[in-house]
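Worksheet: one structure, shown below.
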Amino acid sequence: MTRAYLSMGANIGDRLGNLQHGVALLHTSANITVTAVSQVYETQPVGGVVQDDFYNIAVRLETTLTAPELLARLHEIEQQLKRVRQIHWGPRTIDLDILVFGDEVWSDEILTIPHREMANRRFVLQPLLDVIAADRRHEIERLLASTTDTNWVRVVTGARVEYENI
């Protein structure tokens, strides 16, 4: 089993519902067990495209899939939730990204692990702190303290994405 960490975001339609549905589809996937989900954070969009604010979460999971197989499953879930890729960094019903996959390092035209923009995204790092294993916490705290991203990130009070009773 490999421990992996994902970032999930949504800013079209029922943002919380889309995240919940994405986690449910992950958790009910063969060879994937969701083991933790962060608080829900509302976040300012990046990239200069005028759009609504995002809801973001981080997810910790265990899997027997390879990193490319996990990425393929994430793309299937995005398609099931009607993700349309028209504008780079544009609005979306759901966005699922692999942040970390065990201790593996990947870099090709399809997949980069650790995620190449992780250190530059407060909306990724803040939720990740909620679910990261203790032995990696210092690394994420260091990245969060040194990021140049000044966009706001705030906890959505009372919002929660469930995974245990799916």
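- A 4.5 Å side-chain heavy-atom check between Asp53 and Pro45 finds at least one atom pair inside the cut-off.
- The one candidate from Ile77, Val37, Val23, Asp95 that meets the side chain to side chain contact (heavy atoms under 4.5 Å, CB included) condition with Met8 is Val23.
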*Would you sort out whether Asn31 and Thr63 count as a side chain to side chain donor-acceptor pair (under 3.5 Å), showing the intermediate values?*
CA-CA 5 Å; Asn31 305 312; Thr63 185; over 6 Å; no

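- Of all the heavy atoms in Asn56 and Ser7, the pair that sits closest is ND2-OG, 4.5 Å.
- The salt bridge (charged side-chain N to carboxylate O under 4.0 Å, His left out) check on Glu76 picks up Arg73, with sequence neighbours excluded.
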Indicate every side-chain donor-acceptor pair of residues 97-107 with a distance under 3.5 Å to a residue at least two apart or in another chain.
residue	atom	partner	partner atom	Å
Glu104	OE1	Trp106	NE1	2.7

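- Under 3.5 Å, the side chains of Asn18 and Thr93 contain no donor-acceptor pair of N or O atoms.
- Of all non-hydrogen atoms in Val131 and Ala58, the two that sit nearest each other are CG2-CB, 3.8 Å.
- Residues passing the side-chain contact (heavy atoms from CB on, under 4.5 Å) test with Ala72: none are found, sequence neighbours excluded.
- A donor-acceptor pair shorter than 3.5 Å can be found between the side chains of Gln51 and Asn11.
- Within the 4.5 Å cutoff, the side chain of Tyr55 has no heavy atoms near those of the Val161 side chain.
- Side chain of Arg122 to main chain of Asp149: a donor-acceptor pair is present (N/O by atom type, distance under 3.5 Å, no hydrogens or angles).
- For the residue pair Leu96 and Glu78, the shortest heavy atom distance occurs at N-OE2, 2.8 Å.
- Every residue two or more places apart in sequence or in another chain that forms a side-chain contact (heavy atoms from CB on, under 4.5 Å) with Asp130 is listed here: Ser38, Gln39, Tyr41.
- Residues Thr148 and Thr150 form no side-chain contact, since every pair of their non-hydrogen atoms from C-beta on lies 4.5 Å or further apart.
- In this structure, Glu62 contributes its side chain and Met1 its backbone to no donor-acceptor pair below 3.5 Å.
- Side-chain contact check for Leu143 versus Met118: some heavy-atom pair is nearer than 4.5 Å.
- No donor-acceptor pair under 3.5 Å is formed between the side chain of Thr43 and the backbone N or O of Val153.
- The shortest distance between side-chain heavy atoms of Thr147 and Arg121 does not fall below 4.5 Å.
- Qualifying side-chain contact (heavy atoms from CB on, under 4.5 Å) partners for Arg137, counting only residues two or more places apart in sequence or in other chains: Leu129, Ile132, Glu141.
- You'll find the side chain of Leu81 reaches within 4.5 Å of the side chain of His21, heavy atoms only.
- Distance alone, capped at 3.5 Å, is enough to place a donor-acceptor pair between the His27 side chain and the Tyr163 backbone.
- Looking at Leu61 and Leu6, their side chains come closer than 4.5 Å, going by heavy atoms from C-beta outward.
- Counting heavy atoms from C-beta outward, Leu65 and Ile32 have side chains that approach closer than 4.5 Å.
- Within the structure, every pair that satisfies the salt bridge (charged side-chain N to carboxylate O under 4.0 Å, His left out) test and touches residues 34-44, not counting sequence neighbours, is listed here: Arg15-Glu42, Glu42-Arg154.
- Put simply, CD on Glu69 and CG on Leu74 are 12.0 Å apart, with the number rounded to the nearest 0.5 Å.
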